[in-house]
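Structure record follows, encoded as structure tokens.
The figures that follow rest on heavy atoms only: side chains count, while hydrogens, waters and symmetry mates do not.
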Amino acid sequence: MAATPAWPPRSTPRLFVDAALAEGPRRIDGPPAHYLLSVMRLKVGDAVKLFDDRSGEWLAVVEATGKRDLHVQLTTLLRPREPVPDMWLCAAPLKKGRVDWVAEKACELGVARLVPVLTRRAVVDKPNTDRLRAHMIEAAEQCDRTALPVLADPVKLATLLRDWPADRALFFADEAGGEPAAAAMRARPGPAAILIGPEGGFADAEREAIRALPRAVGVSLGPRILRADTAAAAAVAIWMSVAGDW
Ligand code: SAM
């Protein structure tokens, strides 16, 4: 006897909805509706998975479609919002493209909070946070995630250091050298953050101010200088494997 096909099919589209979801009817309009109607060509009776970065991921069935909106019925909570380790990535904003890549990887790697840090040599002083969030949402939709990093407002390095939480370790990726990253991170469990500089690196005065923070420790990412985006992904991967949930 042929096996009954799984429901919902593996090809069921996934979509982030930036509003608290609950069982029952929901109207979808705007760009998400355009994607479901025109790109995915959903029809009445089709399934769609919706997640809200609050309650989790829901199964919904299309009940009616219009030119620019559709009505779905949320029937089942498939998964609660996933837990992510308490780790912040604080990084100087980079040129367009590279900073988008950092936002996408921060989401995929399980970063809880992405903090754009304005340093002296940062080439960008007003990162486009809407674009960064859009890249994080797209990564979450594609990688089956139910949690998004919080995207903090851009903050000056001096302000970040002034307001640094006493309970959080700050692993400062210092191209001038520091403790081997894995050992330093393993030795300091608990809430953590990684700080990555801009393409031009940190100024000496910045390096001194960071190192003066009681919870800061300079870490090395090896003997080779990495591009800032590579350094961000590498440092987060090391932390996730020795102190996170990998
Ligand atoms: N302009 C700097 C230079 O030539 O020394 C390089 C800056 S690097 C492109 C950008 C950032 O990546 C640095 O500020 C640091 O946070 C991080 N980084 C790159 N390579 C690193 C390494 N080997 N160890 C620690 N941090 C590194």
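Taking 4.0 Å as the cut-off between side-chain N and carboxylate O, Arg168 and Asp86 count as a salt-bridged pair. Contact check on Asp52 versus Arg26 returns no salt bridge, with no Lys/Arg side-chain nitrogen under 4.0 Å from an Asp/Glu carboxylate oxygen. Under the 4.0 Å criterion applied to side-chain N and carboxylate O atoms, Glu141 and Lys49 are not assigned as salt-bridge partners. Using a cut-off of 4.0 Å between Lys/Arg side-chain N and Asp/Glu carboxylate O, Lys43 and Asp46 are scored as salt-bridged. A salt bridge links Arg54 to Asp18: at least one charged side-chain nitrogen sits closer than 4.0 Å to a carboxylate oxygen.
Distance check, rounded to the nearest 0.5 Å: CG of Leu160 to OG1 of Thr119 gives 11.0 Å. One finds the OG1 atom of Thr65 at 9.5 Å from the NE2 atom of His71 (value rounded to the nearest 0.5 Å). Atoms CG and CG, on Asp29 and Leu37 in that order, are 10.5 Å from each other to the nearest 0.5 Å. Note: Ile194 CD1 to Met240 CE = 8.0 Å, rounded to the nearest 0.5 Å. One distance of note links CG of Leu151 with NE2 of His135; it measures 12.0 Å at 0.5 Å rounding. Between Leu59 atom CG and Leu74 atom CG the span is 8.0 Å, to the nearest 0.5 Å.
Under the 4.5 Å side-chain heavy-atom criterion for Ile, Leu, Val, Met, Phe, Trp and Tyr, Trp164 and Leu114 are members of distinct hydrophobic clusters. Clustering ILVMFWY residues whenever any of their side-chain heavy atoms sit less than 4.5 angstrom apart, transitively, puts Ile137 in the very cluster that holds Leu89. Leu94 and Val155 fall into different hydrophobic clusters, where Ile, Leu, Val, Met, Phe, Trp and Tyr are joined by side-chain heavy atoms under 4.5 Å apart, directly or via other members. Hydrophobic cluster membership differs between Ile238 and Phe172, with clusters built from Ile, Leu, Val, Met, Phe, Trp and Tyr side chains linked at under 4.5 angstrom. Side-chain heavy atoms closer than 4.5 Å link hydrophobic residues (I, L, V, M, F, W, Y) into clusters, and following such links, possibly through other members, connects Val219 to Leu226.
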**Study point:** Candidate pair Glu23 and Trp58, rule side chain to side chain contact (heavy atoms under 4.5 Å, CB included), full reasoning
**Key:** CA-CA 8 Å; Glu23 190 170 347; Trp58 292 80; 3.9 Å; yes
Practice item. Determine, step by step, whether Asp229 and Lys105 satisfy the side chain to side chain contact (heavy atoms under 4.5 Å, CB included) criterion, reporting the C-alpha distance in whole Å, the side-chain angles of both residues, the deciding distance to 0.1 Å, and the verdict. Key: CA-CA 9 Å; Asp229 43 350; Lys105 298 316 156 198; over 6 Å; no
Review point. Which is it for Glu108 and Gln142 under the side chain to side chain contact (heavy atoms under 4.5 Å, CB included) test, yes or no, and what are the steps along the way?
Key: CA-CA 9 Å; Glu108 291 173 50; Gln142 287 176 11; over 6 Å; no
Review point. What do the steps show when you test Asn128 against Lys96 for side chain to side chain contact (heavy atoms under 4.5 Å, CB included), and what is the final call?
Key: CA-CA 9 Å; Asn128 181 331; Lys96 185 168 176 243; over 6 Å; no
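Residues passing the salt bridge (charged side-chain N to carboxylate O under 4.0 Å, His left out) test with Arg227, sequence neighbours excluded: none.
When all heavy atoms are compared, the tightest approach of Ser220 to Gly222 is OG-N, 3.0 Å. The shortest heavy-atom contact between Ala173 and Phe202 is O-CE1, 3.8 Å. Contact detail for Ala64 and Val44: the closest heavy-atom pair is CA-CG2, 4.0 Å. Annotation for Gly190 and Trp239: closest pair O-CZ2, 4.2 Å, computed over non-hydrogen atoms. Minimum interatomic distance between Ala176 and Arg207 (heavy atoms only, all atoms of both residues): CB-NE, 3.6 Å. Nearest heavy-atom pair, Ala228 versus Ile196, reported as atom, atom and distance to 0.1 Å: O-CG2, 3.6 Å.
Side chain of Ser241 to main chain of Trp246: no donor-acceptor pair is present (N/O by atom type, distance under 3.5 Å, no hydrogens or angles). Between the side chain of Glu206 and the main chain of Arg120, a donor-acceptor pair closer than 3.5 Å is present. In this structure, Asp53 contributes its side chain and Leu148 its backbone to a donor-acceptor pair below 3.5 Å. In terms of modelled atom types and a separation under 3.5 Å, the side chain of Arg14 and the main chain of Cys143 share no donor-acceptor contact.
Between Met40 and Leu15 the shortest side-chain heavy-atom distance does not fall below 4.5 Å. Contact of the Leu161 side chain with the Ile210 side chain is registered, since non-hydrogen atoms from C-beta on lie closer than 4.5 Å. Looking only at side-chain heavy atoms (C-beta outward), Pro32 and Val17 stay at 4.5 Å or farther from each other. In this structure, the side chains of Leu50 and Ile28 come closer than 4.5 Å at one or more pairs of heavy atoms. Looking at heavy atoms from C-beta onward, Arg188 lies in side-chain contact with Glu179 at the 4.5 angstrom threshold. Side-chain contact check for Glu82 versus Arg145: some heavy-atom pair is nearer than 4.5 Å. Between Asp144 and Arg79, some side-chain heavy-atom pair lies under the 4.5 Å cut-off. No side-chain heavy atom of Arg113 sits less than 4.5 Å from a side-chain heavy atom of Pro149.
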